[in-house]
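Quick note on labels: first sequence line is chain A, next is B, and so on, each numbered from 1.
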Amino acid sequence: MTGAIFDIVLCLLILAVALAAILGRDLFGSVVFFIVYGLLVALAWTRLGAVDVALAEAAIGAGLTGVLLVGAVARLRRGGVVEPTPPRPLARGAQMGICVLAAGLVGAAIAGLDPDAAGLTATVAQNLEASGVGNPVTAVLLNFRGYDTLLETVVLLVVLIGVWSLAEDRYWGGRPGLRQHAKPGGVLATYGRFLPPLGLLAGVYVVWAGTDQPGGAFQGGTILAAVWLLVAMAGLVDAPPVTARRLRLTIVAGPALFLAVAVAGIFMGGFLHLPPEHAKQLIQTIEAGLALSIAATLALLVAGPPQRGAR
Amino acid sequence: MIVSGPLLPFAALALPLLLGLLAAVPAMRPRVLMLLPIAPLPALALALSGPTGEHTELPVLLLGVRLGLDATGAMFLGASALLWALAGVFATAYMRRTHKREVFVAFWCLTLTGNLGVFLARDAVTFYVSFTAVSLPAYLLIVHDATREALRAGRIYMILALVGETSLLVGLIIACAHADSLVISQVRDALADAPGREAALALMLIGLGIKAGLVPLHVWLPLAHPQAPTPASAVLSGAIVKAGIFGMLVLLPAGAGMANWSLALVAAGLGGAYFGIVAGLGQNGAKAALAYSTVSQMGLMIAAAGAAPLADAPAEFAAVIALYAVHHGLAKGALFMSVGVAGQVNGRARHALLAAVALLALSVAGLPLTGGAVAKTALKSGLEGPAATLVAASAAGTALLLLHVWVLLRRSSAHGSRPGRLLWAPFLAAGATALVLPWLLAPAVGVKASYVLSAANLWSATWPLLAAAAIAAAVIGLRIGVPRIPAGDLVVVAERMVPPAVSRRPAPSHPGPRRGMRRLDPIDRLERGLRRWSTAGPVLLGTAVVLAALFLA
Amino acid sequence: MTGLDTATLFAWCGAGLIGIGLYGFLANRHMLRRLVAFNVVGSGIFLVFGASGARRADLGPDPVPQALIITGIVVALATTALLVALVIRYADLAGRATLPEDEPGDDGKE
Amino acid sequence: MILPALAPALSVAVPLAAAFLAVVAPRPRLLVGVTVPAMLAVMALAVLGVRQGGPLVLAVGGWEPPLGIALVADGLSTAFLVATALTIGTVLVVALPQFPIRQNETRAGWAFWPLAFLLWAALNAVFLSGDLFNIYVAIEFVTLATLALVALEGKAKQVEAAMRYAMFALFGSLAYLLGVALLYAAHGTLDIGLLAQLPAQDTASLVAAGLITAGLAAKTALFPFHAWLPPAHAGAPAPASAMLSALVPKASFYVLLRFWFDAMPEAAGAIALQLLGALGATAIVYGSILAVRQNRLKQLVAYSTVAQIGYLFLVFPLAGGSAEPQPWTAGAWTGSVFHAVSHAFAKAAMFLAVGHAVLAAGHDRMSAMDGLTRRMPMTAFALGVSAVTLMGLPPSGGFTAKFLLLTAAFASGQVLWAAIIVLGGVLAAAYLFRPLARAFLPDRGRYGTVPRAQQALPLALAMLSVVLGIVSAAPYDFLQTGRPAAAEEGLE
Amino acid sequence: MSGWLLAAAVVLLATAAAALVRVARGPDAADRMMGAQLVGTTGVAVVILLAAHEGNWAMLDVALVLSLLAAFASVAFVKAASRDGQGDPEEDP
Amino acid sequence: MNQALPLIILATALVPSLITFFLAEDRVWVRNALNLGGAVLKLALVVFMLAEVGRGQVYQTEFELVPGLSLVLRIDALSLLFVTLSTVLWLLTTVYAIAYLHGGKNLPRFFGFFSLCVFATTGIAFSGSLITFFLFYELLTLATWPLVVHKGDAASIRAGRTYLGYTLTGSAILLVGIVWLESLTGPVAFAAPPQLAGLDAWSLRAIFLLLIAGLGVKAALVGLHVWLPQAMVAPAPVSALLHAVAVVKAGAFGIVRVVYDIYGIALVQEIDMGLPLAAIASATILFGSIRALTQHGLKPLLAYSTVSQVSYIVLGAALFSQTAVVGGLVHLVHQGLMKITLFFCAGVFDERAGVHDIDEIDGIGARLPWTSVAFTLGALGMIGLPPIAGFASKWYLGTGGLEAGQPWVVAVLAVSTLLNGAYFLPVLYRIWFREPGPNAAAAETEGPAMLLAPPIATAALALAAGLFAAAALSPLGWATLIVERQYAP
């Protein structure tokens, strides 16, 4: 009973926050609501028992996306970009109507689902042993459907190249983002010195734990990225130039490693085949590489394209 | 084998054609006129050797050329060939100084080929081809002097000739289609009861009538004959027009079914005969008057040809008409040549010329004892009732008209300096032949001299002349003015009445370069709207909803 | 799915989020707002996906949708990152964060 | 026989590896020189394998569906793979001088290469995938690479076009993803082969079908969701435009084809199919009308893509909607694939050729075409030949496609679509006439030129579209590999 | 036992809802951000309660990440609030 | 050999075409040698084939593209009639074009497309199935367009637009007809006409109309003819190609195929389509003639004359009569010979004396006698004067019309003849009898032999075709053979 109350309250909160994020007059307020929204959704995932997803949502959905948006709002505001007026009521009504219809259809579809369908839970459980890992989600992510994950990591690479290619030509060869600085000894700088060791530890832990518990390269990588960004914001480190060979190696390393394992699998039984006896080590290696590249890539995504002189 | 059967008919056509081509050879130019008298000689020889029993066939040429010669054809052929030869001689002298002699010769030969071909053709296509060959190249003969009048005459000639060709073609096609054969005799027989007979006959008669100067299709004739150089006028009036008559003779089917056509033709022919006289009397120029005389004479022949289908023995009657044609052709040829001669001679020679012309004129009018009398008597023998009388009476008119010509000729002055002998000789030869030849041929067509010389016939030949003399005397005595009629009569009226029917409109100016397609603003607006996400998004979502709903439905 | 168990409730919540997010995605003009809305729709979908995979409370949540959702979240982040960069670049170049056709004064002229 | 079985994996792995190298060690000449031949070899392997052994199915990692992902190389996907390889291969060679890397790396000079290779990998991933969620990732991959390429020039107009494209593409992704989620919820699998065996008349499946169809239609730029395409494709650098216009919409169309003919062949209602056909037909007419009105070369070519995409959707009313294959089904289905492939060649050739004309003239107004037949005959010829395919005139793949579609339209009694197909050809002539005619004008002003070897490449690509029409029997048969047997018979 | 934990979580959620009013009202950007931080903290607590309720201690990782990322978000917010977007409000006079 | 010969003949045009495209502008000799060599070789092969086909040999090659779409090459007597015409005229036109365009620009392009046109025309002639016919028919459209716009001025572009607009629309309609028909019957081969008897008459009518409308564009039936006069802006050899060798002939040839090899004339009559077709053809004949009458320019006049003349062929095909179809078929050749002569000459007049309008032609006969003679022969032939070729066509058509029980056909022919005379004779008159005008006065002497020989040759051929019409190997003889062999009941 209380469970139901909790669920209902959480759902209502989520919906309300979502509405606020969508309809909020102030853009900044909307973004803040969005961060809150991510947080609440992470609660929902937790409540549903999908801890891996909750981690991802907390780190990525609420965390990194929120930071990206906050930065963008600030950037636009500084650029003097004015907010457009809201749409006419008539158009709004039509749009709303159609959205209600769409949501209704989805609801109807949900209502029509077979309540006892178990999906692939059992199948995954049967094969978990051969996957080499104990966390079924990781097994799916990196073994059963490792191909998805391979493409996904490359998607991050694409986006990074895309973001970089939005630089002004004259800044090519420069460092991503703006040079950050903070008052030496100030709260920010101190924060930047304090938090990283903790974060680093948490990040590595989430990656390492991922094989058998909830967690993994994406969640861990995100934490690592956040840590690096924190340090950078504190003005303690600076991003290397986009042309730096080492930087590029870093962002490519994870996917390349993954691809190499995948191709090597051809000689061991098939594309992306991980022999059960080595699966765990292989997956951990891949996860480590991916975490590194993901961390670098995500951090660079938040930093944005080069905005400073080349050299 | 390219040719089967006697070679001479083929040669009769081939030689003039070859000579015509030869005229185009530059080396030939100085002596090109010498070709003219030679060209018709094989045809003359052929005619003299008489009708051939066999046909000459050239299956490769055209749609299969078939040549042959019967008695009628032989007469037409002979007289024409002779006239062409004599006119050719005449031309060697007459044309000596003119420009573009080679063109003249080439087209002369071409026309000649066609003219002879008409008489030799035994299949419809060859007939038609020949008929065209005689029509169109003749244009070049008419306009040779390239004066305004000549060109105008040529233009009118051309229009009519073309109408004539087309009509003839269509008529022949109709006839041949029914006959399922190209052989003329079969075509003619089939035509008697062909479904499209009336149309075919009408069309063929238009085609042939134009050539033969059937009033009112004659208008080209008084324009063209005077404008052509004299030797050309001679062959035009003497030989070429005969192609039309010959066509009627070979193409009109016989039989009672032809009664209406026969009547119509006789009427038209006789009408033309009298009209020609009246119009001729209104002329100022000797050649124009002579041309009208031809119209008149052709009218008689057309009337006779019209009567032929109903005759007891159409073939024999055709030969009679041929006889008339022979006389008229040679006489008229000679008369035209006389105009040429008159331009050259003075003094005694001129008197002699006038005397000869008078004799020829009287012969044409049917003066007893002349060849003309033979021809006319023979012709009348085939006609009955009022037609015969009218033919006889027309002789008075002919006499008057030729008197008019004689007077005009006498009044004309000589100015040329062409060699007289080469002009005189063909004139005299043609004239003499005209006077004599009918007598020689009469037996062959079943006309006995005794018949010609019978009292009745003598009288019927004489009274019109007397009447003519009386009228002439009266006219001269009373100084009655003959109203002037412009040469070409009807066409002049037509020219005035009808504004240029087919004038060239100025070329329609091209529409200006099309300016870029007009901006269709609604489309722009639509595209803009579709680009607007706040429009396109709901549409997209709506589509998803609608599709889902449709699937669910 | 009938009955108001947790999974169904969150699935319907997801449906509601989809509706709300879609409205924001369609009605808003500001690109960043659209991005926010995009993420709301995205997480709504994930919620539907995940909740429907958690129907059998006895078996625990289905790991396959979970893995797919994680992948989806990363892809959504990637997309958002690229879009944010585009919007910022566009604001630098054009001085606004809306597409020209979405500007109220836009009358359809190039 | 192990080699052909590798082909699916290699066709994704090779361009990916090339992309990684291009990020780290930008040596385009070397990379293109190795990758393109290597990929052609892989394609040859794939074709051989499919021809001899039928469809190649590769369970990735050895995990059979529904647990794992299957890569499927049947006739259809191999055809798209080969078309992609030939098109991108050519485009990359043409792009070499346009995106050089000399001493100092430049932004576009660097970014183009990994993006192009990644796009290649992404497209191949789409074409090979037998799993709907994997397709989602791959399609997103395509979209993001495309977005980056659209904005590569970096001017406000291009960034704007990219953002606009993003709206449609993101919506499409969301709708597709939601559909996939519902399908999984309903059936517990996302494998196309397995889905095909399951009944699909439940609410969730049908709602999913609607969402997936609409989402993919938006990504394919079907009218009326096309408005993003012209500015996006026209704004990109010519080699990028060539890839975008020729291949990218085909990827989402390919998925639609897979979805409707393989995954859920029985779900479609007749009215919905007619609706899709009607949208396609409208696209043909509307896109052509707009193409006629363009004054910029690249815009014109881009609107032509809008029109040409319309043909693809005629496959739904002509071949879809019945479990019982009709005699004309195979013809219509094959016709639309023929159209997709030959349009890919022709459109890529046209964009590349136009790109050369624009390079030489320095602008992309119509007058860039003036005197082209004299200045750059090969380019003019390439344009002409590709125009032939776009107009659907024989002998070209476009014609074969149109013929097959037309035959199906008549055979199935849907004469209206036949009329539209024919009208579309005439309209294509109308909009292609202006640039082609200008090529015959005397040239005014100063023009540069492009090396002949460069000019030859678009021509070769254009000729490919013609060859597809001349030797169409083999591709036709090849495409049937892996199709349901009943549909192979074709129209007698 | 478990019902109690969940009841506490419900109460916490209600607190969070109250904090949301601050996020909505503002008036200052800082007010909003602080409201969000409050929700974040509450969220961490709720996760911990849930973990206890379910007996699934892996859920604590979620709490850990949430708290870390909440801190990160506030830093980002601070940066955004600085004048040039790359500095430190403390530097400003 | 039987399999390969059609392909070899096609290659004689295609190969020079393809090579020519890639030759540099200044490789004049190579280009000329290629094109002339191809033309001569083709002529030789065609002559060989004439003998073989005359003996009853039939060549056939077939390969399938996709189901329902086979490429069938089949050479029967009718094919050979068309192909012989185009081959002979191609050779002459090439000679002429080399001289005419000497020193011009863009010649590789020109000759490349020129040969491509001939390739397409040959393909049309060799087509053994409807769809093959269509393939080449379209190719012809495409290959011709660059020639029409060859000059590259505004007028050419405009003409090109009109040309494409009409022909492509026509092709589209044709394609619809073809596909519709084949959807009812399966692939249609000429050798084995489909069984149409059982099909719905209204469908058959609709398909017939579509096919005829599609083909009628190229055949320049009235209403669909607009492109033809506009296309006159192209250089003279192109006009020759359009009017005599390839384009309009392709349309007319196609109509003959449709009527005789697909529907069969009996069926056409049965579904009441023969008379309408004949009526349209007749209307075109008269319309073209009347329009020609009002033209100022020489080439427009010739163009409208073509509009009129080509419909003779259609008329022949539409009449239910063997004789008529002989007339129509033979006119295919005859009109070609005569019209090409006229265009050659018009080109020479233009080239040598700058004559464009009829007004400017005064007295040109004195300066350019040979050309003028050739022109005169062509014009007289067009009028239908014997013994030039046009006459034989008319004769057969007229007779055939009567056989078919359509006497009005004869009237149409008659009126047309008169109108032809009315527009051609004044031109001849001006050429020969007007005082030389400024153009004639300024004219150069008659040009190089290569410019002069083709018109003289074609004029001579036109004359010979009429003069020796009854010969077995004359066009008429061949047309009769075709009809006896292929269309005799």
Q: Which region of A/Val124, side chain (C-beta onward) or backbone (N, CA, C, O), has a non-hydrogen atom less than 4.5 Å from a non-hydrogen atom of chain C, or is it both or neither?
A: side chain
Q: Does any part of the side chain of A/Val53, heavy atoms only, come nearer than 4.5 Å to the side chain of C/Phe46, both counted from C-beta?
A: no
Q: For chain C, which candidate among A/Leu120, A/Leu68, A/Ile294 shows the most heavy-atom pairs at distances under 4.5 Å?
A: A/Leu120
Q: Measuring heavy-atom distances to chain A, does C/Leu47 have an atom under 4.5 Å in its side chain, in its backbone, in both, or in neither?
A: both
Q: At a heavy-atom separation under 4.5 Å, does A/Leu105 approach chain C through its side chain, its backbone, both, or neither?
A: neither
Q: Are A/Arg47 and C/Phe10 packed together at the side-chain level, in the sense that at least one heavy-atom pair is separated by less than 4.5 angstrom?
A: yes
Q: Enter the distance from C/Trp12:CH2 to A/Cys11:SG here, rounded to the nearest 0.5 Å.
A: 11.5 Å
Q: Can you name the closest pair of heavy atoms from A/Ala103 and C/Gly19 and give their distance?
A: CB-CA, 3.8 Å
Q: Let's test your reading of the structure: which of C/Val74, C/Val64, C/Ile69 forms the most heavy-atom pairs below 4.5 Å with chain A?
A: C/Val74
Q: At a 4.5 Å cut-off on heavy atoms, which part of A/Leu76 comes close to chain C: side chain, backbone, both, or neither?
A: side chain
Q: What distance separates A/Arg92 CZ from C/Tyr23 OH, expressed to the nearest 0.5 Å?
A: 5.0 Å
Q: Mind running side chain to side chain contact (heavy atoms under 4.5 Å, CB included) on A/Leu15 and C/Ile20 for me, showing each step along the way?
A: CA-CA 8 Å; A/Leu15 289 170; C/Ile20 292 168; 3.8 Å; yes
Q: Count the heavy-atom pairs under 4.5 Å between each of C/Thr80, C/Val84, C/Val36 and chain A, then report the option with the highest count.
A: C/Val36
Q: Measure the shortest side-chain to side-chain distance between C/Gln66 and A/Leu48 over non-hydrogen atoms and say whether it is less than 4.5 angstrom.
A: no
Q: So which residue, A/Leu156, A/Val155, A/Val100, ends up with the most heavy-atom pairs under 4.5 Å with chain C?
A: A/Leu156
Q: Less than 4.5 Å to any heavy atom of chain A: does that hold for the side chain of C/Ala37, its backbone, both, or neither?
A: both
Q: Is chain C contacted by the side chain of A/Val67, its backbone, both, or neither, given a heavy-atom distance below 4.5 Å?
A: neither
Q: Which of the residues A/Phe144, A/Phe34, A/Phe218, A/Trp45 is involved in the greatest number of heavy-atom pairs with chain C at under 4.5 angstrom?
A: A/Trp45
Q: Less than 4.5 Å to any heavy atom of chain C: does that hold for the side chain of A/Glu168, its backbone, both, or neither?
A: both
Q: Would you say the side-chain atoms of C/Arg55 pair up with the backbone N or O of A/Pro115, donor to acceptor, closer than 3.5 Å?
A: no
Q: Is there a donor-acceptor pair closer than 3.5 Å between any side-chain N or O of C/Arg33 and the backbone N or O of A/Gly24?
A: yes
Q: Indicate the atoms forming the closest heavy-atom contact of C/Leu82 with A/Gly162, along with that distance.
A: CD1-C, 3.7 Å
Q: Count the heavy-atom pairs under 4.5 Å between each of C/Ala67, C/Ala97, C/Ala85, C/Gly24 and chain A, then report the option with the highest count.
A: C/Ala67
Q: Using non-hydrogen atoms only, which part of A/Ala102 is less than 4.5 Å away from chain C: side chain, backbone, both, or neither?
A: side chain
Q: Any chance you could lay out the side chain to side chain contact (heavy atoms under 4.5 Å, CB included) test for A/Ile14 and C/Leu17, step after step, and finish with the verdict?
A: CA-CA 8 Å; A/Ile14 290 176; C/Leu17 290 177; 3.7 Å; yes
Q: If I measure from the heavy atoms of chain C, does A/Val73 come under 4.5 Å with its side chain, its backbone, both, or neither?
A: both
Q: Highest number of heavy-atom pairs under 4.5 Å with chain A: which of C/Gly72, C/Ser43, C/Ala91?
A: C/Ser43
Q: Locate the shortest heavy-atom distance separating C/Gly21 from A/Ile22; write the atom from each residue and the value.
A: CA-CD1, 4.2 Å
Q: Rounded to the nearest 0.5 Å, how far apart are CG of A/Asp114 and OG of C/Ser52?
A: 11.5 Å
Q: Is there a side-chain contact between C/Pro63 and A/Val140 in this structure, where contact means two heavy atoms from C-beta onward sitting under 4.5 Å apart?
A: yes
Q: Would you give the length of the straight line joining atom CG of A/Asp52 to atom CD1 of C/Ile70, rounded to the nearest 0.5 angstrom?
A: 5.0 Å
Q: CG of C/Leu9 to CG of A/Leu12: how many Å apart, nearest 0.5 Å?
A: 8.0 Å
Q: Could you tell me the separation between the CG atom of C/Leu26 and the CD1 atom of A/Ile98, rounded to the nearest 0.5 Å?
A: 8.0 Å
Q: Quick one: what part of A/Leu101 sits under 4.5 Å from any heavy atom of chain C, side chain, backbone, both or neither?
A: neither
Q: Consider only side-chain N and O atoms of A/Asp7 and C/Thr6, and report whether a donor and an acceptor are under 3.5 Å apart.
A: yes
Q: I'd like to verify something: which residue of A/Ala122, A/Gly304, A/Ala44 has the highest number of heavy-atom pairs under 4.5 Å with chain C?
A: A/Ala44
Q: Answer yes or no: is there a side-chain heavy-atom contact under 4.5 Å between A/Thr65 and C/Leu35?
A: no
Q: Most heavy-atom pairs under 4.5 angstrom with chain C, which of A/Leu19, A/Val137, A/Leu301, A/Val106?
A: A/Val137
Q: Using a 4.5 angstrom heavy-atom cutoff, name the option from C/Ile18, C/Thr71, C/Leu22 with the most pairs to chain A.
A: C/Thr71
Q: Please find the pair of heavy atoms, one from A/Leu166 and one from C/Arg89, that lie closest to each other, and give the distance.
A: O-CD, 2.8 Å
